[in-house]
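To find a chain, count down the sequence lines: A is the first, B the second, and so on, and within it residues start at 1.
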Amino acid sequence: MKKQDWKFMQVFGDKASSDNVSDEDIISAVQFERTGRFLGLGDKAGRLIVFEVPQTKKKDKAEYQYLTELQSHTREFDFLKSTDIEEKINQLQWLRGQGKNMYILTTNDKTVKLWKISEKNVTKVIKPSGKDLAMPKLQVVESGLIPSVRKVFPNLHNYHINSLTASNNEEFVLTSDDLKVYLWSIEQPAKAFVAVDLKPENLDELSEVITSSTFHPTLDNQFLYTTSKGIVKLCDMRKSGICDNTAITMAEPEDPAKKNFFTEIVTSISDACFSRNGKYIFSRDFLTVKVWDIAMTNKPVATVQVFEPLKSKLCDLYENESIFDKFSIASTLDSNSFVTGNFNSTFHIVDRMGECNSQYELNFNKKTVVRQIPPKYFENLGSSYDFNRKVQKLSMCQTQNLVAVACLNCLYFYTA
Amino acid sequence: MPKIENTTGMPINLIIDELKSDDIRKRIHSVKHLDLIASTIGPDRTKNELIPFIQELLDDDDEVLIELVDSLSRNFVELVGGQVQVLLPTFEALCRVEDASVREKAANQIKKCLTQLPDQKKVEELSIGIIKRLNDSDYYMAKNAVAILIPAIFNQVSQNNQNDLINIILKMSQDQIPQVRKFTSMYFQDLVKHFPLVNETFIQNILNSFIKDEQDFIRMYIVDALIQASKTPFLQKQQNFVLNMFKQLAEDQSWRVRYYFCDKLAEIGEAVTKEGYRKNFQNYHLKFLQDNEPEMKSIAALKIERVSTLMDPEDILNKLIPLLKSIQSDTNAFVRNALASSVLALCPIIGKKNTSEQILPIFLTLLKDQDSEVRITLFKKLSLITNVLGVDSLSQSVIPALTELAQDKNWRIRASTIEVLSFFARAIGPEFLSDKVLKLLLDWMGDKVFSVRQTAIQQTAQLISILGLAWADKNLLTKIWAFQSIQNYLHRLTVLFTINQITSQLNNEYIIKTIVPILQSMAKDSVANIRSNVCRTSIQLAKEKGGNVVDPMKKILQTLSDDQDAEVKYQAKSALESL
């Protein structure tokens, strides 16, 4: 496999702002639009920020520029449970644009919204209709990119929404919370279809929850979901209504010898994705990435230790609760590698055989700082290793070798 | 047309202004009353000022747009002085919005407008223009309207234009955006109706490309297109093609496509005639009844009623009924419910002996089903089996089941059971309404849930209309009047509500003899609510019955106009005034 050479391309953010990060600016969701021309970003304050590559006549790769932003969600209070519903954007999905209009689905813990951003003229009545019943005279007060909410999906989820994906044909939206996976139709927000239901008869017996879900990149009837027990399930909507009954299970049996206090926590899958060609599944748990070949589901093709030194730090990670952090994963365009984040402002690009693990360190010097992590690598992680600088969210462009990586409140672009 | 009256309580110019209000509810209200505005300013001004202004509203929320398209569909043709083409640009713009229901309604309105234009050439010119503009639009959703409009005007345009339209459909059927292919598939059934104007090869090519499409929702609609094609000479010419394609859909990998096929089985059967159905599709229906997917079993069970008319009674006995035994005990309640709603339709077809041997056991099993919905569904179709086997043989099993349902802890079930009663009265007559059943009705009249009491009162009125006042009085009403002495006032109210409900069925003699004493006594009730309702009942009786009823009613109202409760006093006084 041809080794890809990833290099730094662009960064939004600087050292000063990064040192004093306010909680609400932390980036919580990133996604490229289908054509790669736009990029959407969600943060803890419930904002959606859009970047674009301006259309220029220059042939060389143009850079992303800030385009517009909107307040997608606001903090709400759940009266039934007496808790706050955070405005943090958990995930976003771009839909096919029409003309100059952009459509984006955003979700926080409870509500999914469909936003439309379009070039509009906002008008105001300057001369109302009088006795002559003439039509009111209007004047343009604002012109440009105006956002509007097109649809709101009702609070169907009892638990926190962890994933949101749209099928390739955009007929369905898949959302999952701890116990259920729902299929919605964008056309009819009032009806949702339960595709998977993990709720046990007796809630006390609950031992496994759903941690993420995603559609197949091209086949609209297939999706996967992952659980806290490290299981990946591949479901086909064509086979049955309730998809769990006919799902293909991919799980590695637990080795009782290696079991310790942390095993249960670290085997919970934080994110999983299909490879671009749909042949493989990459699943990320706290310490490893498992590569599954869909044609062979009894064991993974490879299990890659993302960064082994973390194994020796599990106690500390448990103390500072970083052991519960969730990292995203994405497949490269050629399906031969995957990209996933780590602590200390680093992210990894690894080939799917697990042979070549490259660790990139994010910096503000516009340099590509990369080193190879050999297998069975050990390093003493000193006090300078910063667990707070987490690279949790990233997105791979679907049309070119370009990845957007978010660390706290900064956004970095790397390209190959 | 007559001028529309302003009942909004607002001046017209304010309604006009609120079309652009910040409050969405005000905008919706104004849009609802567009016809009022148009009627006030007259057709010329509507045409020249209002319609152009509506362009400013097209960027609004879906809720407003839905109101807008409904409002414009009502009588706007008259409101623009009959000049239909003035409305076309607005509807054309509405065909480009995101909401599918608005687009479809707007497209259908364009169709309607075009039928009202007398000049055929104009129709051709306008429709082709609209179709081409929508097709070339940046907004791919606009092609939805294209798929709707092309079949509507296809046979009214020149050969050249027809060729252009065919090419548009061909391109749409191969568009890379799945939704566009979906629009084409959904409305292809309308285009197929024009055979032989649309030729065989074209139809076959399009259907062949759809059947290979990976999207379920594109393959699904082929069923409709084939059904329509079968109603034209296309079926004779291409019988193998049609049958083979139906079979492919029945065996489709995706259960949703198979479901849609099963749903349309009755229509397919009608299109290909009984022999065609029995030879080609009967086995699929039987297979669906054994499918792994509960949704499939459900729809197959639901279709038994209609499909049974296409089957040979021998086949029903030998092939269909054996399968039902496993369905009656299916773990999924929806499946059993579907069976309950259609299995009894088999009784008249297979005759008394077979019904008794084969269907009766299934009936009795479902009657004891743990899910109340299943039992209720069965009851609604009871006449189908009682007609064949007779009521007496069944009443022994039916009445206990009815009694159990009547006491179900879910009030909705209780209410549904009551409705079953009038069906019995109608179908079977007073013999069925034995003491036991009447006791149930009285229990319902005293139920703690208001809706149940209300339904029971309505059923009483129904029973009177079926069985007559004399019967009702002897068996039922006397006992209801006894509610007067119940301590809980809500049940005393039931007496008055009953009187209200059955007023039209009472004769004056009965009223004077029985009702007046009741009202006189209740006018002295200690609870003001009761006395207030006495007023209402009295005035209703007086107005509806007239004659010698009026005087006694007046006397009662006069007593109440001196009541200590202000509300009662006011009601009595205004009632007297209106008399």
Side-chain angles (χ1 to χ4, degrees), chain A residues 34 95-101 103 114 116 118-141 146 148-152 167-172 183 185-189 193 216 218-222 236-243 245-246, chain B residues 11-22 37 40-42 45 48-54 56 59-62 96-101 137-142 176-179 181-182 213-218 252-259 291-296 298 332 334:
Chain A
R34 188 185 274 262
L95 297 177
R96 214 175 257 118
Q98 276 193 95
K100 290 212 180 97
N101 299 341
Y103 298 93
L114 174 62
K116 171 179 161 185
S118 53
E119 289 258 359
K120 280 214 286 214
N121 296 327
V122 176
T123 56
K124 188 181 77 169
V125 174
I126 47 165
K127 180 168 177 276
S129 172
K131 283 225 171 59
D132 60 350
L133 300 182
M135 295 299 124
K137 293 249 180 312
L138 300 174
Q139 189 190 51
V140 175
V141 292
I146 310 282
S148 59
V149 179
R150 289 317 297 190
K151 286 212 160 77
V152 180
S167 60
N168 195 30
N169 61 10
E170 295 180 3
E171 278 286 305
F172 294 112
L183 275 172
S185 163
I186 294 179
E187 293 282 310
Q188 295 174 17
F193 180 68
H216 190 281
T218 49
L219 299 177
D220 304 292
N221 48 298
Q222 283 194 26
D236 188 331
M237 288 173 1
R238 289 184 180 189
K239 291 198 193 138
S240 57
I242 300 285
C243 302
N245 302 335
T246 51
Chain B
I12 307 266
N13 62 330
L14 188 57
I15 303 179
I16 297 177
D17 283 337
E18 286 192 346
L19 284 169
K20 288 301 266 178
S21 163
D22 285 334
I37 301 173
T40 314
I41 61 175
R45 286 188 66 192
N48 297 324
E49 294 171 42
L50 181 59
I51 301 288
F53 186 72
I54 289 177
E56 299 288 336
D59 212 4
D60 210 322
D61 286 345
D62 287 343
R96 282 194 278 264
V97 303
E98 279 108 22
D99 187 278
S101 64
S137 162
D138 274 344
Y139 292 75
Y140 68 82
M141 301 268 187
Q176 51 145 339
I177 299 178
Q179 271 87 343
R181 301 199 303 273
K182 177 172 94 161
D213 201 300
E214 50 169 32
Q215 300 292 341
D216 295 350
F217 50 68
I218 289 169
D252 196 287
Q253 222 190 4
S254 170
W255 69 269
R256 287 192 169 87
V257 178
R258 299 198 303 271
Y259 184 99
D291 198 299
N292 280 328
E293 170 59 39
E295 297 264 4
M296 285 308 301
S298 246
N332 188 315
F334 290 112

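Between the side chain of B:Arg258 and the backbone N or O of B:Asp252, at least one donor-acceptor pair lies under 3.5 Å. Judged by distance alone, with hydrogens and angles left aside, the side-chain atoms of A:Ser118 form no donor-acceptor pair with the main-chain N or O of A:Lys120 at under 3.5 Å. With hydrogens and angles disregarded, a donor-acceptor distance shorter than 3.5 Å links the side chain of A:Gln98 to the backbone of B:Tyr140.
Between A:Glu171 atom CD and A:Glu187 atom CD the span is 7.0 Å, to the nearest 0.5 Å. Atom CD of B:Gln215 sits about 8.0 Å away from atom CG of A:Asn221, to the nearest 0.5 Å.
Each of A:Thr123, A:Asn101, A:Asp236, A:Ile186 has some count of heavy-atom pairs under 4.5 Å with chain B, and the biggest count is that of A:Asn101. Contacts with chain A were tallied for B:Val257, B:Ile12, B:Asp62; B:Asp62 has the most, counting heavy-atom pairs under 4.5 Å. Ranking A:Ser148, A:Gly130, A:Gly97 against chain B, the residue ahead of the rest is A:Gly130, based on heavy-atom pairs under 4.5 Å. Considering only heavy-atom pairs separated by less than 4.5 Å from chain B, the leading option among A:Arg150, A:Glu170, A:Lys151 is A:Arg150. In terms of heavy-atom pairs under 4.5 angstrom with chain A, the leader among B:Asp138, B:Leu14, B:Asp291 is B:Asp138. Counting heavy-atom pairs under 4.5 Å between each of A:Leu138, A:Thr246, A:Leu133 and chain B puts A:Leu133 at the top. In terms of heavy-atom pairs under 4.5 angstrom with chain A, the leader among B:Glu295, B:Gln179, B:Glu56 is B:Gln179. Put simply, of B:Asp22, B:Asp61, B:Leu50, B:Leu19, the one with the most heavy-atom pairs under 4.5 Å next to chain A is B:Leu50.
Counting only heavy atoms from C-beta outward, the side chains of A:Cys243 and A:Met237 approach each other to under 4.5 Å.
In this model, a donor atom of one side chain and an acceptor atom of the other lie less than 3.5 Å apart for B:Glu98 and A:Tyr103. No donor-acceptor contact under 3.5 angstrom links the side chains of A:Thr218 and A:Asn168, judged on distance only.
Residue B:Ile15 does not touch chain A at all, counting heavy-atom pairs closer than 4.5 Å. Contacts of B:Arg45 with chain A are made by side-chain atoms alone, with heavy-atom separations under 4.5 Å and no backbone atom involved. For B:Asp60, the part sitting under 4.5 Å from any heavy atom of chain A is the backbone (N, CA, C, O) and nothing else. For A:Lys116, the part lying near chain B is the side chain, with the backbone staying farther off; criterion is any non-hydrogen pair under 4.5 Å. With a 4.5 Å cut-off on non-hydrogen atoms, B:Phe53 touches chain A through its side chain but not through its backbone. Looking at A:Asn169, the atoms closer than 4.5 Å to chain B (heavy atoms on both sides) sit in the backbone and in the side chain alike. Both the backbone and the side chain of B:Met141 come within less than 4.5 Å of a heavy atom in chain A. Only the side chain of B:Ile41 comes within contact range of chain A, judged by heavy atoms closer than 4.5 Å. Neither the backbone nor the side chain of B:Ser137 comes within contact range of chain A, judged by heavy atoms closer than 4.5 Å.
Atom CG of B:Asn292 has 12 or fewer heavy atoms from other residues, nucleotides or ligands within 6.0 Å.
Under the 6.0 Å distance and 45° angle rule, B:Lys182 counts as a cation-pi partner of B:Phe217. A cation-pi geometry, defined here as NZ or CZ lying under 6.0 Å from the six-membered ring centre and within 45° of its normal, holds between B:Arg256 and A:Phe193.
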